[in-house]
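Within every chain, numbering begins at 1; the chains are lettered A, B, ... in the order of the sequence lines, protein sequences first and strands thereafter. Below, each value reflects all heavy atoms present in this structure, side chains not excepted, and no hydrogens, waters or symmetry copies.
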Amino acid sequence: MPELPEVETVVRSISAHVIGRTILHAEFFSPLVTRSDFKKTAQALCGAIIRGVRRRGKQIFFDLDNGILYVHLGMTGKLLWNTTAGKHARAIISLDSGTLIYDDIRQFGRMEFFDNLPQSFDRAGPDALNIGFEEFYNRLKRRKGQIKPLLLNQSFLSGVGNIYADELLFKARIHPRTSTQRMSKKRAALLHSSLISVLQLAILHRGSSVSDYVDSAGERGSFQNLHNVYGRAGQPCPRCGAAIRRIVIGQRGTHYCPRCQRV
DNA sequence: TCAAATGTTTGATC
DNA sequence: GGATCAAACATTTG
C-alpha cells in the first residue's frame, strides 16, 4: 500500500517526465476519484504547465501555472507513465512528453484540481521525514491513547501507514499498545530515530510491494523482503526467534514480537 | 456461494 | 477538539 516511501518513489520516478511539460488533454472516468465535475476539472488542466511535483506525507501535489493538481493514491492508486490504460484507469492525462495514467482498483484515492488549496489541508501533520525530535516529542506529549493508532493519525504525523508503523515500532522495541503518556523521553527518542531510519531505508529499496504497489514505471519495490514483522505472523522474530504475533488495534492488523516489544 | 479480510481517509458520534 | 468507529470500494482468500 502506498505509504510515504512508496509515494516518494512514485514522485521521484515521475518528476523528470512531467516537470516543465504542458498538459494537452485530460480525461476522467470516475466521479469517486475526482469528487467534482469531470468537465470542469479536465478543462482546468487542459493547457496547464506543470511547474513542479511535491510530496507531503502520502499527498502528492502537481504545481501548475494555474492551480494545483492534488493526488492521493489511497490504497490501490497508481500513477503510471506511458502505459496502456487498463480496466481500472480512472484518469488519462496527455502531456506533450507522454501520457500519465491514474489507475485505482478500489477508488479510495483521489485526483482533484484546486485554484488554491482549501484550508482543510492545513490540518495535515508535519511530514514524517522532516520532523525533528523536539517537535515530535512535544506533539506526542499532547496526545492520549495507544502509540500505534497515533502513528497512523495523519493529523499527528503525515506519511506513516500500517506497514511502517509496525516495522518502526519493532525497531524501537516498543509495544504497539504502549500509552503515549507513559512513554519516556528516551523511548520517544528511540521511536523518532527508528521512524527516520526505517523510512529512509525503505525509500532506498523503492518501497514495499506487498500486494499491487508499483512505481510510475510499473516496477515493484523490494523492501517487503526486509520486513521484520509485517505479514510475518507465526514466523520467528529475526532478533530473538520468538513467534511474531498478529493482533488487531484500532481495526488494523498489527504485527509485533511479544518478546522484544514489551508494554 | 458467501463471509471475511485487506488498509486509507472522511465524517459521524460521543 | 480528541478518541473511536463505520463506511466508501474491489478483489482475494477461507
Strand-adjacent residues in residues 141-153 of chain A, judged by heavy atoms under 4.0 Å from DNA chain C: Arg143(A), Lys144(A)
Any donor-acceptor N/O pair, Glu27(A) side chain to Ile93(A) backbone, under 3.5 Å: no
For Cys240(A) against Arg259(A), the heavy-atom pair lying closest together: O-NH1, 3.4 Å
Opening and closing nucleotides of DNA chain C in contact with chain A, under 4.0 Å to non-hydrogen atoms: dA3(C) to dT11(C)
4.5 Å side-chain heavy-atom contact, Val18(A) and Phe62(A): yes
Sub-4.5 Å side-chain heavy-atom contact between Leu168(A) and Leu151(A): yes
Tyr102(A) and Asp104(A) side chains, donor-acceptor separation under 3.5 Å: yes
Geometric class of the Tyr164(A)/His227(A) ring pair [parallel <30°, tilted 30-60°, perpendicular >60°]: perpendicular
Integer angstrom distance from the P of dA4(B) to that of dA6(C): 14 Å
Point-to-point distance, once rounded to the nearest 0.5 Å, from OG1 of Thr254(A) to CD1 of Ile249(A): 4.0 Å
Within residues 109-124 of chain A, residues whose heavy atoms come under 4.0 Å of DNA chain C: none
Whole-Å P distance, dT1(B) and dC9(C): 24 Å
Interatomic distance where CZ belongs to Arg106(A) and C1' belongs to dA4(B) [whole Å]: 12 Å
Residue matched to dT1(B) through Watson-Crick or wobble contacts both under 3.5 angstrom: none
Pair His192(A) + Tyr137(A): ring centers closer than 6.0 Å: no
Sugar-phosphate only, base, or nothing, as touched by Gln251(A) at under 4.0 Å among non-hydrogen atoms: base
C1' gap between dT12(C) and dT9(B), integer Å: 22 Å
Ile23(A) vs Leu100(A), side chain to side chain contact (heavy atoms under 4.5 Å, CB included): CA-CA, chis, key distance, verdict: CA-CA 10 Å; Ile23(A) 296 174; Leu100(A) 188 59; over 6 Å; no
Lys/Arg cation over aromatic Tyr256(A): Arg177(A), 6.0 Å, 45° cone: no
N/O donor-acceptor pair under 3.5 Å between Asp166(A) side chain and His255(A) backbone: yes
